[in-house]
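Given the structure is predicted, the values throughout are model-derived calculations rather than measurements. For the numbers below, each heavy atom of this structure counts, side chains included, while hydrogens, waters and symmetry mates do not.
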Amino acid sequence: MAVPIAAVIPSRAALRLHVLCGFFGLASFAWGYNIGILATIYVHPGFKKALHKPDAAHTGLITAIYYLGTWISYLFLSHPAADYLGRRWAAFVGVFTTCVGASIMAASRGSTAYTMMIVGRIICGMGVAVISTSVPLYQSEISPAKQRGRYVVMNHIGLVAGLAFAFWVGYWFSAWKTPQGNYYGWRLSIMVLYIPSLIFCLGIYFCPETPRWLIEKGKVEQARANMAYLRDADPSSDIVSVEIDEICQNVDAHRSAPESSWTVLFTHKPLFARLWRAALLQFMAQMCGNTAMKYYLPGIFASLGIEHRTTLLIGGIESTLKIGCTIIEMMLIDRIGRRTTLIVGCVVMGVALLINGALPLAYPKNKNVVSDYTCIVFIFFFTFGYSIGFGPAAWVYGSEIFPTNLRARGLNLAASGGSIGSIVAAQTWPVGMQNIGSKTYFIFMAINLVSAVIIYFAYPETKQKTLEEMDLLFGDHRITERLTNDSGGEAQSEDRAEQVHVNPKSNRDSL
């Protein structure tokens with residue numbers, strides 16, 4: 001007798017998954033706050049004075065150097081932390097490292113202020129890289145396949161909530177206009193990061209490690225106990241035994257492949273097909289214009305003739321709306337798929353950037369109020385496009401297509417592509433706006449339209465795919481054949497993946 005998948009994950013188990021994924025979203029909140037608060041201090045008079053009035057090139061370097069830190073971490077720190085410490089303790093390391101970098105930034109003063117800011121930004125980037133990969137890894141590995149997108153999107157909800165909170169904090173501190181406010185305001189706004197970080201670091205001890213990582217390390221019994229907790233079932237129950245057995249089977253199948261080291265991501269064609277797609281997706285996600293919007297949004301509003309505090313207010317509203325847009329994506333991504341949301345997001349962002357590039361050319365020097373407010377409205381449309389597209393979907397896609405034993409390495413290598421894109425975008429935007437003005441928008445508009453075409457032709461849909469179907473989707477027939485042989489040669493269809501039978505040979509999703 002078959003049991004529907006809805007019955008397999010009881011309501012209490014679903015609640016536990018939401019609480020755990022939401023709690024790990026707190027680490028992403030720290031990530032978003034660290035990014036968002038910089039946008040507010042760029043326009044703070046005390047910051048400008050402390051850093052000796054940095055020009056566009058120096059401001060661009062402060063932004064871009066952060067992504068040098070993320071790139072270094074993705075290649076050399078984030079993956080070892082996730083694989084050797086586990087997903088949850090890797091997130092702890094990432095949050096702690098980010099706080100160390102924020103402390104250095106807040107302490108910047110005197111003749112070495114600019115250097116301290118650069119060093120702090122690099123360290124923050126290294127910490128955030130660990131957060132940005134360990135959190136979606138954790139969420140992906142504890143979630144059932146049919147609802148994986150929903151739970152991993154909570155990573156992005158945490159990120160945009162952190163961005164929004166940072167803008168509101170910046171807005172509040174901007175009202176402190178005394179000499180003490182100029183000196184301490186922007187520094188204290190950076191240090192607010194310690195509040196969510198402390199809560200996360202204290203609570204991480206009580207979170208279970210992912211069963212998949214434990215099995216990868218040979219701790220099968222502990223994995224069984226954790227799976228029983230996550231599924232709200234007895235450790236000896238069929239639901240736990242079937243899932244644990246299949247995870248073990250998949251881990252063994254990938255380990256017994258002719259090449260099992262991380263270099264197989266480059267040498268084995270089906271795995272490289274996953275790697276380049278995930279890396280290119282991360283690159284496009286940062287080159288779409290979002291990096292500029294995150295860091296230079298108050299400056300963008302100021303260029304439309306809006307007063308300083310009002311730019312922060314609008315930035316806070318815009319970032320808060322991102323939360324609602326991302327919740328919409330959370331409801332859609334497992335229904336209409338990753339490709340559809342990505343393509344629609346690219347088109348919406350492209351149109352929004354076209355309007356923001358064209359209107360200032362038609363009505364220069366803010367001589368048309370309607371034109372300026374139209375630009376603001378379409379910045380909100382850009383926010384919607386990013387929040388239903390690249391923002392969450394790039395991380396969902398990258399966290400689910402790699403096999404368990406290569407997932408951390410694959411996702412980190414892919415995310416390093418995003419760091420490269422961020423470095424290019426962060427340096428290009430301020431210099432472009434200074435030299436060619438609103439024509440800069442056309443560059444990023446073109447990138448979005450090209451990205452939509454690439455996604456349409458080169459990216460297969462992955463929604464509700466089991467691990468075996470992922471291998472088959474990317475042409476990894478040797479693993480598919482090994483899994484089939486190990487299960488007695490029985491063909492495993494999607495219908496079987498949606499059911500749990502009393503027969504121990506049955507299969508469920510193991511990703």
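For His18 and Tyr151, the ring centers sit closer than 6.0 Å to each other. Ring to ring, Tyr114 and His52 are not that close: their centroids are 6.0 angstrom or more apart.
With sequence neighbours excluded, the residues forming a salt bridge (Lys or Arg N to Asp or Glu O under 4.0 Å) with Arg338 are Asp334, Glu400, listed by chain and number. Qualifying side chain to side chain donor-acceptor pair (under 3.5 Å) partners for Thr133, counting only residues two or more places apart in sequence or in other chains: Ser78, Asn412.
Two residues are said to be in side-chain contact when any heavy atoms from C-beta on lie closer than 4.5 Å; Val169 and Ser189 meet this criterion. Between Ile157 and Met330 the shortest side-chain heavy-atom distance falls below 4.5 Å. For the pair Glu141/Arg407, a side-chain contact is recorded, criterion being any heavy-atom separation below 4.5 Å from C-beta on. The shortest side-chain heavy-atom distance between Met126 and Thr70 does not fall under the 4.5 Å cut-off. Side-chain contact between Phe378 and Met349 is absent, with no heavy atoms from C-beta onward closer than 4.5 Å. The closest side-chain heavy-atom distance from Tyr441 to Ile436 is not below 4.5 Å. Using a 4.5 Å cut-off on side-chain heavy atoms (C-beta onward), Ile306 and Ile376 make contact. Side-chain contact check for Leu413 versus Arg409: some heavy-atom pair is nearer than 4.5 Å.
A parallel orientation is assigned to the rings of Phe382 and Tyr386, their planes being inclined by less than 30° (bins at 30° and 60°). Phe29 and Phe165 have tilted rings, their planes meeting at an angle from 30° to 60° on a 0 to 90° scale.
Heavy-atom contacts from other residues, nucleotides or ligands closer than 6.0 Å to OH of Tyr459 number more than 12. Annotation for Phe380: atom CZ counts as buried by contact number, over 12 foreign heavy atoms lying within 6.0 Å. Atom OH of Tyr183 sits in a crowded spot, with more than 12 heavy atoms from other residues, nucleotides or ligands closer than 6.0 Å.
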Verify side chain to side chain donor-acceptor pair (under 3.5 Å) between Ser197 and Tyr33, making sure each step is shown before the conclusion. CA-CA 10 Å; Ser197 299; Tyr33 186 87; over 6 Å; no
Between Ile454 and Met284, does the side chain to side chain contact (heavy atoms under 4.5 Å, CB included) criterion hold? Intermediate values first, please. CA-CA 10 Å; Ile454 292 173; Met284 293 187 296; 4.2 Å; yes
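Contact check on Arg87 versus Glu209 returns no salt bridge, with no Lys/Arg side-chain nitrogen under 4.0 Å from an Asp/Glu carboxylate oxygen.
Relative to the six-membered ring of Tyr456, Arg339 meets both conditions, a distance below 6.0 Å and an angle of at most 45° to the axis. Taking the ring axis of Tyr138 as reference, the NZ or CZ atom of Arg88 does not stay both within 45° of it and closer than 6.0 Å to the ring centre.
Among the candidates Phe23, Phe92, Phe96, the single residue satisfying the ring-ring contact (aromatic ring centres under 6.0 Å, His included) test with Phe200 is Phe23.
Side-chain contact check for Thr320 and Trp168: at least one donor-acceptor pair (N or O, by modelled atom type) lies under 3.5 Å.
Side-chain atoms of Ser387 never come within 3.5 Å of backbone atoms of Phe384 as a donor-acceptor pair (strictly under, hydrogens ignored).
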